[in-house]
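These values consider heavy atoms only, across backbone and side chains, with no hydrogens, waters or symmetry-generated copies. All values derive from a computational prediction rather than experimental measurement.
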2 protein chains.
Amino acid sequence: MQLRNQVEWALHCCGILAGVPDGRYLPTKALAEFHGVPKEYLSKALQALSQAGLVESTLGPSGGYRLARAPEAISFLDIVEAVEGKASTFVCTNIRFNNPCVPKGDCTSAARPCAIARVMWEADKAWRDRLKATTLASLGQTLMTDLDADTRTRIAGWVADHS
Amino acid sequence: MQLRNQVEWALHCCGILAGVPDGRYLPTKALAEFHGVPKEYLSKALQALSQAGLVESTLGPSGGYRLARAPEAISFLDIVEAVEGKASTFVCTNIRFNNPCVPKGDCTSAARPCAIARVMWEADKAWRDRLKATTLASLGQTLMTDLDADTRTRIAGWVADHS
DNA sequence: TTATTAAGGATATTAAATATCCATAAGGAT
DNA sequence: ATCCTTATGGATATTTAATATCCTTAATAA
Ligand code: SF4
Ligand code: SF4
């Protein structure tokens, strides 16, 4: 089980978009060059973010994307679910219904999901809760300590040049 | 991102194997019939459990599988990782190395994984921690309250008949 | 000796992820 | 007005992973 690479791209892009100057937009082309990924495919991830209402776009020259909300109001979970979907990682195919010991139609677990599924869904929730706990704002704070001042300045300059 | 169906099968099989009488084995054929899944394919999942040391097998008539440890000592995580692997759900392809603002070879994050990856890995850990917290023994207790006495008796009888 | 079973390699089938291409409409620049 | 740039979305191709089947081998009990 592996998250698709779009997730990594989307997270990075949101991190960069958080640094776009007010009123400006950063186009797909710049984001693709910055991360070294195919522009056309990255575009699909950005469209997913757009449909989820996390970013907003505008057309034409000097068009592109920017965050639709404050970085404090965008969580990792928002971004992951925009790209990967909200469906649980565990899907129950109800193989218990084949169980020869449970009379047809008498499956009490039809009303209530079975014990195994409940545990798997709780684990899924623990994963999402952790993702929900980190926002783009907290990511930005971490990057302040991770990256040296020079690099931060260079990145800010690059973004300003391309937005 | 979705867990493979083998995971659901493996969890169910372990739940059943927990009820196999001492000294007996339950063969793949029985487990496949019980759950209504293809025997040959289920066999692959059981082999994975065997290689992980969660179940042990014996050949010949009256052969099959049984748990290799007490139900208290087998967690959901053990089973999930046996089938799905231990690799993190988030794989970092280090696209930051393409970042034009970070001088080649000077990527401080090479030593330390980047901020995004750290969060994703923590979420992955939260998922695994939750899976680790439930054992086959606690599953059995839940099933005691989920299933009525008649059904439990029928299942126990079926298992005894086929082991 | 015979039937049964797990182990595992090989292969086929199906679905999903990854990637590219193109047509369209809209917005800025000239 | 015209042209260039851009997001959007559909269509399609390519690659990879999941799902499934088949077959051979060796071990074991009846
Ligand atoms: S026991 Fe749970 S996971 Fe298995 S088929 Fe039933 S509901 Fe699904
Ligand atoms: S920022 Fe993190 S997730 Fe992105 S490439 Fe770097 S290490 Fe990987």
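- The partner of dA11(D) is dT20(C), judged by Watson-Crick or G-U wobble contacts that both fall below 3.5 Å.
- Listed in residue order, the members of residues 23-36 of chain B having a heavy atom less than 4.0 Å from DNA chain C are P27(B), T28(B).
- Under a 3.5 Å cut-off, the side chain of E8(B) and the backbone N or O of T93(A) do form a donor-acceptor pair.
- Rounded to whole Å, the distance from NZ on K39(B) to P on dC22(D) is 11 Å.
- As a whole-Å value, the separation of Y41(A) OH from dG9(D) P is 17 Å.
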In B/S/- notation (B base, S sugar-phosphate only, - none; protein heavy atoms under 4.0 Å), nucleotides 23-30 of chain D written 5' to 3' is B---BBB-

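- OP1 or OP2 of dA6(C) has not a single side-chain nitrogen or oxygen of S50(B) nearer than 4.0 Å.
- Following rounding to the nearest Å, E56(B) (CD) and dA7(C) (C1') show an atom-to-atom distance of 16 Å.
- Of the side-chain N and O atoms in N5(B), one or more sit less than 4.0 angstrom from OP1 or OP2 of dT19(D).
- Annotation: the span from T134(A) atom OG1 to Q141(A) atom CD amounts to 11.0 Å, rounded to 0.5 Å.
- Under 3.5 Å, the side chains of T153(B) and D150(B) contain no donor-acceptor pair of N or O atoms.
- A chain of hydrophobic side-chain contacts below 4.5 Å, direct or via other Ile, Leu, Val, Met, Phe, Trp or Tyr residues, connects F76(A) to I95(B).
- Note on Q51(A): a side-chain N or O is less than 4.0 Å away from OP1 or OP2 of dG9(D).
- Under the 4.5 Å side-chain heavy-atom criterion for Ile, Leu, Val, Met, Phe, Trp and Tyr, L59(A) and Y65(A) are members of distinct hydrophobic clusters.
- Here dC22(C) presents its P atom at 14 Å from NZ of K44(A), a figure rounded to the nearest Å.
- Considering only residues two or more places apart in sequence or on other chains, E56(B) meets the side-chain hydrogen bond (donor to acceptor under 3.5 Å, both in side chains) condition with R66(B).
- At a cut-off of 3.5 Å, with distance as the only test, a side-chain donor of S75(B) or D78(B) sits close to an acceptor on the other residue.
- With rounding to whole Å, E8(B) atom CD is found 17 Å from dA18(D) atom P.
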